[in-house]
Amino acid sequence: MTSSRKGWFGDYGGCYAPEVLMPAVEELKRAFHQARRDPGFKRELDELYRNYAGRPTPLDLAGRLTRAWGGARVFLKREDLNHTGSHKLNNCLGQVLLARRMGKKRIIAETGAGQHGVAAATVCARFGLPCRVYMGTEDMQRQALNVYRMRLLGAEVAPVDSGTRTLKDAMNEAIRDWITNVNNTYYLLGSVAGFDPYPTLVREFQSIIGKEARQQILKRIHRLPNAIVACVGGGSNAIGIFSAFLRDAKVRFYGVEAGGQGLSTGRHAAPLQRGRVGVLHGSRSYVMQDQYGQILTTHSVAAGLDYPGVGPQLAFLKDSGRAEFTSVTDRQALTAQKQMARLEGIIPATESAHAVAYAKDLAGKLGPRANIIINVSGRGDKDLKPEGAS
Amino acid sequence: MSARLMNRFKPELAAGRKLFVPFITAGDRGLDFTRRAIMALARAGADAVELGVPFSDPLADGKIIQRSSHRALEQGTNLPAIISLVKSLRRETDIPILLMGYLNPFLQPNMPSNASLAQAAGVDGFIIPDLTPEEAGSWISICRKKDLDTIFLVTPNSTSDRLKAIIRCSTGYIYYVSVTGTTGLRNKLPADVRTGVARIRRYSSLPILVGFGISTSRQAADAADIADGVIVGSALIQAMEQGSTDHDALRRLRQLAEEMVKAVKGKKYNSLVAKVKCCSGWDHRAKGLKL
């Protein structure tokens, strides 16, 4: 999934960054392409995946969900069992190794749900690097447990009070920090969004999900799945699992965006379905914006999906028809979260629960002879509030 | 170089006076206020105005311009309305006006139509900080055909290769960012501004204007000593922000702009390079570089 121009996926991607960042962006590109060719880098990363993150994560049949839904057999790729509780660590491990190779002494990151922030704080603790994580104050409130975790891990959580006080604004603030401290600072971006080379390098480090899942499903059922379902905010867990199956034309991809209170209400975070092409945070992709190019306020119960843009590779998969994008509402996601907890003893993150909710419909449509994989991108402990329990 | 910019810059520089170019956000206190502010700046002696097109996510800006963009958007400011404002201003003033803003608003509905509308209205050029020379190819050819200037930013950390590429894409002037940082007030001018300007001068004969962080008339005078001119944004916007009424805001703007003009224009031209440049043609001419 590349195009003749580096950093572009069809008409999407590119590098729209202020000049002050361009030398750092070019340096990062060089470091990444060198690391990619270096067997020593791969060995070091594989070792960390295995012995630090606890990979490979299991792929298992969700027997009771399958029976309850009465359709396709449902397999779960258990990224919730990755160290720190989500797929985000895969990317952070890869990038922190890059930062070390580049001799960077300080790490900054943005976070929405706090899962990327926790993963960034974790790798910084592991390698003894100072870490500052930007987080919208709205998200700090709704994901308070992750704020506590980041601070316990020794990271500084910088509250962002501008704009919508969510992921988009945290990213603005992280970019401003990078602009100011570009000479010594590594920006550890958490999704497949942003300017080139981030979409490519984050995909590379998340592709471990798909590589494992492909081997695991072939070993388990001796055939490829009919469909893979993943939630899509920026899109890193989705591209991570899809990427290993790109050449398997019969495997259908379903990306589930945050439907919020319903696509018709305007209160959602579904740029692939309701956005238009624009440039946000340095790459060309679908963006939720008004007719004058101002970025719209998004809404989702899942802080990790509450973002008006989406990675350029996902935009390319949409236009080429290789992937289908759909959405479920807040309410559907929360219902699915509870159902999975009760039937499988697994509490998925509210983000991942979007994929679970859509998989239910899909399982019914595809019927009992089909097999689907849900990427359970993270665990839901972060979402639990005693007063919200029922 | 666009005609209005040339008509204004050339005699100023030839007379040994440096250039003062203010930046204000369009629509902060409403577009009618912006019209009055531009007229005040013109009367104060500004040589051009960088008119900010507000964007919801101004990621290279500090707090002052963030706040003013936010206020402008609250007023419902948008690109077509800003272009109409320029059109109506052209009945009153010939001061060169450059639109400056992030890329996304210029993409809606598309860049060619915005370029056409802007040119017809009397806009003289564009500064789009997140449009890199690498991605600007088609935009530059559109602007060349319409005699619209494309001004790009050079930063202290720009590599030589990038510096050359930026100069190849630039007309009008070169915008030298004095700091590695966002826009906003600074206590003093960084020590390496002179080196940075000299580095650009090796490759370009265009006027070099220094911006970002210039907060006082003293700093403006220092910067004018080193470069061909000075760009001031946040300090002016802050002055207007402190105004209790529109009238008071205008008064503060005019006062600070007049001070800045005095500081900048008071400097005698002592650069030999600049004299050579004035005599040797004003079309874009990058020394030893292929366009």
Side-chain angles (χ1 to χ4, degrees), chain A residues 5-8 13-27 110 160-164 167-185 194-196 276-285 287-297 308-309, chain B residues 53-63 66-67 69-70 72-74 76-82 101-111 114 128-136 152-163 165-166 175-177 179-184 212:
Chain A
R5 284 189 294 166
K6 264 203 171 139
W8 284 85
C15 188
Y16 298 92
E19 172 59 22
V20 63
L21 293 181
M22 287 306 294
V25 164
E26 288 176 348
E27 183 192 3
E110 82 295 335
V160 177
D161 213 12
S162 57
T164 53
L167 178 54
K168 163 181 85 86
D169 306 283
M171 206 157 157
N172 290 343
E173 213 51 59
I175 292 173
R176 286 184 192 117
D177 181 318
W178 202 27
I179 287 174
T180 309
N181 303 294
V182 63
N183 295 327
N184 68 353
T185 297
F195 20 76
D196 179 47
R276 282 179 300 118
V277 175
V279 168
L280 174 66
H281 294 143
S283 58
R284 190 169 188 275
S285 185
V287 179
M288 284 183 52
Q289 56 182 319
D290 70 13
Q291 60 171 313
Y292 301 115
Q294 305 299 338
I295 308 306
L296 292 172
T297 301
Chain B
V53 176
F55 182 48
S56 51
D57 295 81
L59 49 78
D61 282 301
K63 291 285 178 205
Q66 284 178 46
R67 284 200 300 270
S69 306
H70 182 73
L73 291 174
E74 299 261 283
T77 309
N78 57 54
L79 183 57
I82 294 169
Y102 296 88
L103 178 59
N104 201 51
F106 292 107
L107 295 174
Q108 312 301 334
N110 60 67
M111 293 186 88
N114 284 324
I128 305 179
D130 55 344
L131 182 61
T132 54
E134 289 90 331
E135 311 288 6
F152 289 84
L153 279 58
V154 174
T155 52
N157 61 346
S158 296
T159 58
S160 311
D161 285 350
R162 297 199 57 80
L163 176 61
I166 292 166
Y175 191 140
Y176 180 65
V177 175
V179 293
T180 44
T182 54
T183 58
F212 276 45

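Below, chains carry the letters A, B, ... as their sequence lines are ordered, and counting in each starts from 1.
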Not counting sequence neighbours, which residues clear side chain to side chain donor-acceptor pair (under 3.5 Å) with Thr155(B)? List them please. Asn157(B), Ser158(B)
Side chain to side chain donor-acceptor pair (under 3.5 Å) with Asp61(B): which residues, sequence neighbours excluded? Tyr102(B), Thr183(B)
Spacing of [X] atom [atom1] and [Y] atom [atom2] [to the nearest 0.5 Å]:
| X | Y | atom1 | atom2 | result |
| --- | --- | --- | --- | --- |
| Asp57(B) | Lys168(A) | CG | NZ | 3.5 Å |
| Glu173(A) | Gln66(B) | CD | CD | 6.0 Å |
| Glu134(B) | Lys6(A) | CD | NZ | 13.5 Å |

Closest-packed option against chain A by number of heavy-atom pairs under 4.5 Å, given Leu79(B), Thr180(B), Leu107(B): Thr180(B)
Side chain, backbone, both or neither: which part of Ile128(B) has a non-hydrogen atom closer than 4.5 Å to chain A? neither
Proximity breakdown for Pro58(B) and chain A, heavy-atom pairs closer than 4.5 Å: both
With respect to Asn104(B), which candidate in Gln294(A), Arg284(A), Gln289(A) satisfies the side chain to side chain donor-acceptor pair (under 3.5 Å) definition? Gln289(A)
For [X], is it the side chain, the backbone, both or neither that has a heavy atom under 4.5 Å from a heavy atom of chain B?
| X | result |
| --- | --- |
| Asp169(A) | side chain |
| Glu19(A) | both |
| Val279(A) | both |

Atom of Gly293(A), atom of Phe55(B) and distance for their closest heavy-atom approach: O-CE1, 3.2 Å
Ignoring hydrogens, what is the shortest heavy-atom contact between Gln291(A) and Gln108(B)? Give both atom names and the distance. O-CB, 3.5 Å
Out of Pro18(A), Gly14(A), Ala24(A), which one racks up the most heavy-atom pairs below 4.5 Å with chain B? Pro18(A)
Between Ala174(A), Gly278(A), Pro23(A), which has the largest tally of heavy atom pairs under 4.5 Å with chain B? Pro23(A)
Any donor-acceptor pair under 3.5 Å from Ser56(B) side chain to Ile295(A) backbone: yes
Tell me whether Thr132(B) contacts the main-chain N or O of Cys15(A) through its side chain, where contact means a donor paired with an acceptor under 3.5 Å. yes
